[in-house]
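Notes for the one structure printed next.
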Amino acid sequence: MHYRVLSAVQVRGNGFNQRDVADMLGTTSATVSRQIESATNEGHLTVEVSTTSRRENNVRLTATGIDLVARGDAIIAEESEMILAGVDRADFTVAADTVQTMLDTITRT
């Protein structure tokens, strides 16, 4: 889960609040809060009180957090190439779109 949180912070850019991370990952603020606390204790994130609201925290990647995300991204890219070898790109796109439609349907109900 650390990777997902760190990756979400990197995708959104440094300096956004924990609620944004939770929304992006489709999980609760409490879950993300625990993950952020753990990642902060491990030196992968810094957390500062927001300048716009004392009730929110801004989350930023540290150098070690950036490195961890880069290593995770490289592993995922390598594994994806191996897993998807021989899969036609058009077939993959159709399958991904179908799964997304299913997830959207489940989320609405």
At what distance, to the nearest 0.5 angstrom, does CD1 of Ile83 lie from CD1 of Ile76? 10.0 Å
Taking the side chain as C-beta and beyond, is there a heavy-atom pair between Leu61 and Leu45 under 4.5 Å? yes
For the CD atom of Glu37 and the CD atom of Glu42, what is their distance to the nearest 0.5 Å? 11.0 Å
Identify the heavy atoms of Ala39 and Leu6 that sit nearest to each other, and give their distance. CB-CD2, 4.3 Å
When rounded to the nearest 0.5 angstrom, what distance separates CZ in Arg4 from CD in Gln35? 9.5 Å
Give the table of side-chain donor-acceptor pairs shorter than 3.5 Å for residues 64-74, with sequence neighbours excluded, one pair per line with atom names and distance.
{"residue": "Thr64", "atom": "OG1", "partner": "Gly43", "partner atom": "O", "Å": "2.6"}
{"residue": "Thr64", "atom": "OG1", "partner": "Thr62", "partner atom": "OG1", "Å": "3.0"}
{"residue": "Asp67", "atom": "OD2", "partner": "Arg71", "partner atom": "NE", "Å": "3.2"}
{"residue": "Asp73", "atom": "OD1", "partner": "Tyr3", "partner atom": "OH", "Å": "2.2"}

Point-to-point distance, once rounded to the nearest 0.5 Å, from OG1 of Thr101 to CD1 of Ile106: 11.0 Å
